[in-house]
Each structure stands twice: as structure tokens, then as C-alpha cells.
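Read the structure below first, then the notes.
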Protein chains: 4
Amino acid sequence: MRVSDKHNKITQAAVKVFARKGFFNARISDIAKEAKVADGTIYLYFNNKYDILISLFEDEMGKIILQVKNQIETMSDPQEKLLFFVQNHLHLLDNKKDLAEVLQMELRQSNEFMKEYRNTRFIEYINIISTIIHEGQEQGIFHKDIAPGIAKRAIFGALDEMARLWILDKNHQYTIEETASQVCNLFLNGMLVTQTH
Amino acid sequence: MRVSDKHNKITQAAVKVFARKGFFNARISDIAKEAKVADGTIYLYFNNKYDILISLFEDEMGKIILQVKNQIETMSDPQEKLLFFVQNHLHLLDNKKDLAEVLQMELRQSNEFMKEYRNTRFIEYINIISTIIHEGQEQGIFHKDIAPGIAKRAIFGALDEMARLWILDKNHQYTIEETASQVCNLFLNGMLVTQTH
Amino acid sequence: MRVSDKHNKITQAAVKVFARKGFFNARISDIAKEAKVADGTIYLYFNNKYDILISLFEDEMGKIILQVKNQIETMSDPQEKLLFFVQNHLHLLDNKKDLAEVLQMELRQSNEFMKEYRNTRFIEYINIISTIIHEGQEQGIFHKDIAPGIAKRAIFGALDEMARLWILDKNHQYTIEETASQVCNLFLNGMLVTQTH
Amino acid sequence: MRVSDKHNKITQAAVKVFARKGFFNARISDIAKEAKVADGTIYLYFNNKYDILISLFEDEMGKIILQVKNQIETMSDPQEKLLFFVQNHLHLLDNKKDLAEVLQMELRQSNEFMKEYRNTRFIEYINIISTIIHEGQEQGIFHKDIAPGIAKRAIFGALDEMARLWILDKNHQYTIEETASQVCNLFLNGMLVTQTH
DNA sequence: GATGAATGAGCTTTCATTCAT
DNA sequence: GATGAATGAAAGCTCATTCAT
């Protein structure tokens, strides 16, 4: 078995266990059992329990970012790009339920460790949004007075809150498509009937 | 000392300690020391560690909800109400830094307990937004095709993400007023130059 | 309320609680609640938790010893005296269930405290038996080669074991009278058909 | 070191510590230290503190029962069997002082747990006595009107009380042999000079 | 004398991490 | 590289006892 296989097996097991129990309530032995590996083996691939979480985040976000960027490159319309980003984000909730739950929940800990972790992957991810907005502004499609640095956060936050609802409340009132459409419409057209610009 | 004083002293101490260390890393003895009270005394007022967190959330959210609702009642314009809600939420980040951090972070744990805890206070809080939207729609100011149930989440999520940025990244690029203005503008007018409605 | 009344109320409450939960699992607050008295009040009458147990034992055994001795003094036949002692001991199981249980169980703890406690009341109680045996030997009714110091223990032990069975196994196969009769017969006549004396 | 060795080491350490301090006053760390093992190691072999006590009882009683039964099988005379049982029981007090003390004392706790624990080993042990009595009755050696169910308890109780005296009062007035002889004589011949049968 | 809120030492149990095999 | 038994620090919670009122 190649080294990376075991590393990956443990990562996937950790995703499942963290999603089920939460980071603090998850035991190393749970992950080991899920990965069909001895407890000690985990420490051949990760420094400690936190390292599994960070590492998991880096790896999985890396894959997601790559995919999204590849897709978006093939598009030219900023509106289309944004819609894709939103739809893709929401679809992850179904396709990678456990992962979504871990990314959603566990990376929000307010402990010192987490505060120090410079979450560059996350920044890279949401910067995809600001890039789209910037393009839209240059093409004259989006208002120039929108601050991409704030809008990217607002859009991500909105999506993230949708995700939280989706994860916590299993009775989904809206489909992913409806939700994506509503969210895009909101950010593109706003709520006002008569624009004040 | 009145009973409620000690209860309150412990609650305030817990806010500080949870904000600093996070719920799981906070020790009961930390809270006791911060409250200048014996460890055992805490258990005269709370059933267990979780109970402190929940109870803290209920109490503090209760106060915030009351204040916001009172203020909003004095206004008639939905746009004005929304702006107030957004500004008020962001101002809490400065006025009640520790509390904001705890509400932000600790109530996102994915453990079984949290999943079961029906967070009615939280729902009550974000329903203030949907009520405003509904009013706006009835007055013909807001688009009828906006789903208030989605929009309230989107707006809260956006604010929440701003809060997270504010808490984690201490180098604030924008003032609270600028941020509030940007966010309101985004949700009211959208990003598109030419509306598609 | 006279002092002794409160002392007695606490003692009776302790008997109930110790019988129900055992000494170590009984809480002072349980006893206080049962006695309808404040926790602190107990410490006006007893030095500590152990003191309640010891004191309870001394008091209640004192009463029992007095009664038994008074009754036995009115009798002349050692056989009759022994039968009375046995019957009386077993009847206590019904009349004073809780007390019997506490005396039975709780004074058998092997902790250092208990080992040091010179249980003079207990010795006084079982010496009633040896006195009876001695009288019987002097009257030529009982074998001279019986060692009263051993026989008294054997008889008490037998009764005590009956008591234990009675307390632990609520399905009583024999009545108290049958049991008393069997035990007396055993110690008086032995099991052998042909005596070896 | 084989697994059973560590299990056994902990059991033996527990016997010593329970005998010295009593179950409730014994700390897990005392047992761990006595067994030269880490506190946590105990929980690899036992579920909790109670489990050590129960398990210890089951194991050690099991061994004792096996030995006694094996020896008794080689004898034919019920009188001889009874004498052996009595002598053997009293000899355990010397050979396995600590164990005797624990079995004596700690299994008399009146807590809920103990009341529920169906002490089958103990029943198996005293049933050895009733079997002997039954045999004696069938051979016409013992009186038919002796109830084996009561006599077994009486004999065990007598022995148990001897044991208690032996453990608590270190100034032994009689040797084990003398005691055994006296007890057997008492139960075989009774105290009366003239039998009433 | 009576109260009961407050104290804080004490203990069982858990679990991340190590290391001999 | 892999194992999993062993470690031992750590912490939530209890409850006998105190003492200001």
C-alpha cells in the first residue's frame, strides 16, 4: 500500500468521525477504528489530533478550489461564474455531506490554536468570488461602488448560513437549485423594486 | 449579595473565559477563578458546563432581542429598520466583544448536544429580519419574489461572516459604518447595473 | 422543642437514609431533608458523618440491650432465655427493619475508623448469650466443655446470617418463629442422631 | 508480561488495598500504585471500581470453591466433610488474610448495587454445607427434622462471625483447630446434656 | 440555636500520545 | 512501517463541613 493511501484512509475516516461527533468529542481511537488502522499508526502520518483537522481542511479545500477554478476558467460571463460558484458550493452539501459538516462546524473553534492558524486555503477559496466581482466591475456589469472585499465575505457568509441550515435542519424547504437561484438573484438584483443608484 | 448577582457574575466570567479559550478548552476552575467564586459554587447555579453555555446564550440573546425589537418598533421604513438591524449587529462586535465571540463561535459546535438544542432564541433573532422583509414586500418596496425565509438567512449569514472576519482579523480595513452601509446596499440594490426584473 | 428531640429526629432520619443508601452513599443533605432540618443543624448535634453512625449504634443498641436484659431477668430456665434471645433478635428484623439493616450492614466496614472503634455495646449484647450459657452450665443443663466465648459468637453469627438473608432476600421461606425454633434446636440438640459425648 | 498476569496483579493489589482501607476509602490510585501500574491501566482490565470488587470476588471464590469441592469428594463421612469445611474456612483466615477480610467486610455493603448483585458464587459456597447435611440425613446420621436451608446459613454465619472476631481482634484466645473443633461439636452435638429428640 | 449558601479538597475516569515489540 | 498496551495528566463534579447571618 502506498504511503498516500494510508494518509488518505485516515483523512477520510477523520472526516466521517468529526462530522458525527465533532472534533472535541471524537477520539483518536474512533478514527483509527474507522480507518481500520492502529491508534499509533495515525501518529506516523499526523503530528497530533489538531494536525488531522488542519491537514484535512488543506487537502480537501485544495481539491475543491482546483475544481472550481478549472470550471470557472471555461466561462466568460461573471453572472454565470457567480451562479456556478453558488450552485457548486451548495451541491457540495449533498455530494460531500460529512466534509461539508466538518468544514462548516469544526473550523469555527475560538481556541487559541485556531485563531493562530492562518487559513490561506479558505482565503483562496473566497477570493474566487472577489475575482469574479472584479471582472464584473471591469466589464461594467457590476456597480463600481461595490467593495469586492466586503461582497465576497457577504456572499460566502450567506452561502455558509444556507449550509448550516441545510446541515442542522434536515427538513429542507427549498431545493438546492431554488436556493442557489434565490441567493444569486438577491446579490445580483437586490431587494428594492426601485434602485437607488 | 443577591442570588442573581452571583448567577450573573458567573455568566459574565464564563463569557470571558469561553471567548478566550473556547468552550471545550475552558475549565470550570477558570470560570470560577474569573468569577472569584469556588468551583463548587458554580454548580449551585448551573447543572453542568453545557448548562452555563446554553443559559448564557438564552439570557444574553434575550436581552439583545428585546433591545432590537424595541428600537425597530419606533421606525416605519423597512429600509431604515434593516439598516438599523445591520448596524446594531455589527456594533455589538465592539460593545460586547467577548459575548459576540462566544455567540459567534461556540454555538456552532456539531456535537450531538448542540444539534438537539432547539435554538429558539436564535430563530427569534433572525426572524426579526424576515419580518422586516415581509413588511417591505407588503408596502411594495421590496420585490415580491424574494423568499423571506432565504433572505433572512442570507443577510444574517453575511453579517455573521463580517463578524467572524472582525473577530479573527484584528486589522479592520473598513469601519463598522462603512461595512454596514456596504452590506445594506448590497442586499437592497444588488450588484447588477441593469436589473433583470 | 427539647434538645433531645432534635437529636433523636436526626438519628431516626439517619437510620432510614443509611438503610436505604448505605453509609457511604448517604449524603448529609439527605439526612437533613429526611429530618426536616438544615444541613448545618446536624453539626450542632454530631461531630461528623461517622459520629452519626456510631452514636446511632450506641443509642439504639443501648435501648435493645436494656429491653432484652429486663425480659431475661424475669426468666429462670436458660433454654427459655436462649429461645427468647433468639426470637427477640429475629423479631427486630420486622419491627425495626431499617435499624436492623443498618446495624447489619454498615458496621461491617473494614476501614481504619471502624477498626479502631471499640464496639463495647456490641460486646455487651453478645455477652448476654455467654451469660445464659454459663448459667446453663452451672445448672448442669449445658455441656461443660462448651466454650461460652466461642458459642456466643457462633450463636450470634448464626442469627446474624439469618438476618442478612432476611434483609437481602425478601422471599422468606420460613417464618420468624420457624427460624427461631430451628436455630435453637440446632444449638441445643445438635445435628447428630447419636451424641458422641 | 502476559495479559492475565496484569489482570492478576491488579486483583491482588486490590485485595490488599480493600482490606486495608475498605472499598469506599480505597482510591484507584492506591490500587494502581500497589500493582505498580498506571491508573489508566486498571481501566483496560476492569470497567470501574465496583467491577474490581465483584470480579475479585468471583475469581477468588471460584478458586476456593473448586478446592473445597475437590477435597470433599474424596471423603465419605458427612461428619468428616463438615469438619474439613469448617477447618478449611478458618484456615483461609490465616493463609489469605487480606482476601478473607475483603470477602468478609466488603460484600456486606447495603448499597443498591450490592443488593442487586446476585451473589451466585456465595450461594454455591454455602450450598456445599447443605449438600453435606443432606447426605448425613440420607445416611441416617443427622436428624431428619433439621432444615438444611437454615442449618447451612447458621453454620456459615457462625464461621463468618469467628472470622470477624479473628480479623478484628488480633489477640486470638483460641487456635484455629480449637475453634474448628468447638464449632463442629456445637453443631453436631448441641449444648444440651440430655437430648430432647 | 438554626440556617443554608459557599467552600474546595478529593476522586473516578478519559484519552491523546508514546514506545517496546 | 505497524501495532496496541500502557501511560498519567487532566478535569468535571460531589459533598462533608463551615460560618456569617
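Here is the naming used below: chain letters follow the sequence lines, and residue numbers restart at 1 for every chain.
Rounding to whole angstrom units, NZ of residue A:Lys36 and C1' of F:dG1 are separated by 20 Å. In this structure, the NZ atom of A:Lys21 is 12 Å from the C1' atom of E:dC15, given to the nearest Å. The separation between C:Asp5 atom CG and E:dG1 atom P is 13 Å, rounded to whole Å. Protein atom NZ of D:Lys33 is 16 Å distant from nucleotide atom C1' of F:dT7, rounded to whole Å. What separates CG of D:Asp30 from P of E:dG10 is a distance of 13 Å, to the nearest Å. Atom-to-atom, CD1 of B:Ile10 to P of E:dT7 comes out at 9 Å; the value is rounded to the nearest Å. The nearest whole Å value for the distance from the CD1 atom in A:Ile42 to the C1' atom in F:dG4 is 12 Å. Going from atom CD1 of A:Ile31 over to atom C1' of F:dT3 covers 17 Å, rounded to whole Å.
Residues that satisfy the salt bridge (Lys or Arg N to Asp or Glu O under 4.0 Å) test with D:Lys63, not counting sequence neighbours, are D:Glu60. For A:Lys49, there are no salt bridge (Lys or Arg N to Asp or Glu O under 4.0 Å) partners, not counting sequence neighbours. Under the salt bridge (Lys or Arg N to Asp or Glu O under 4.0 Å) criterion, A:Asp39 pairs with no residue at all, not counting sequence neighbours. Partners of B:Tyr43 by ring pair (Phe, Tyr, Trp, His ring centres under 6.0 Å), not counting sequence neighbours: none found. Applying the side-chain contact (heavy atoms from CB on, under 4.5 Å) criterion to D:Asp59, with sequence neighbours excluded, gives D:His7, D:Ser55. A search for salt bridge (Lys or Arg N to Asp or Glu O under 4.0 Å) contacts involving C:Lys96 returns nothing, not counting sequence neighbours. Partners of B:Ala100 by side-chain contact (heavy atoms from CB on, under 4.5 Å), not counting sequence neighbours, listed by chain and number: B:Leu93.
One finds no side-chain N or O of D:Lys6 lying less than 4.0 angstrom from the OP1 or OP2 phosphate oxygen of F:dA5.
Ranking E:dA6, F:dT7, E:dA2 by closeness to the B:Tyr45 side chain, first place goes to E:dA6.
In terms of heavy atoms, D:Met61 sits closest to D:Phe122 at CE-CA, 4.3 Å.
Contact check on A:Lys33 versus A:Asp30 returns no salt bridge, with no Lys/Arg side-chain nitrogen under 4.0 Å from an Asp/Glu carboxylate oxygen.
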- line: For nucleotides 16-21 of chain E, 5' to 3', base contacts (B), sugar-phosphate-only contacts (S) and non-contacts (-) with protein non-hydrogen atoms under 4.0 Å give SBB---
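The terminal axes of the helix from E:dA2-F:dT21 to E:dT21-F:dA2, fitted over 5 pairs per end, subtend an angle of 10° to the nearest 10°.
Mapping C:Thr41 and B:Thr41 onto DNA chain F by nearest heavy atom places B:Thr41 closer to the 5' end of the strand.
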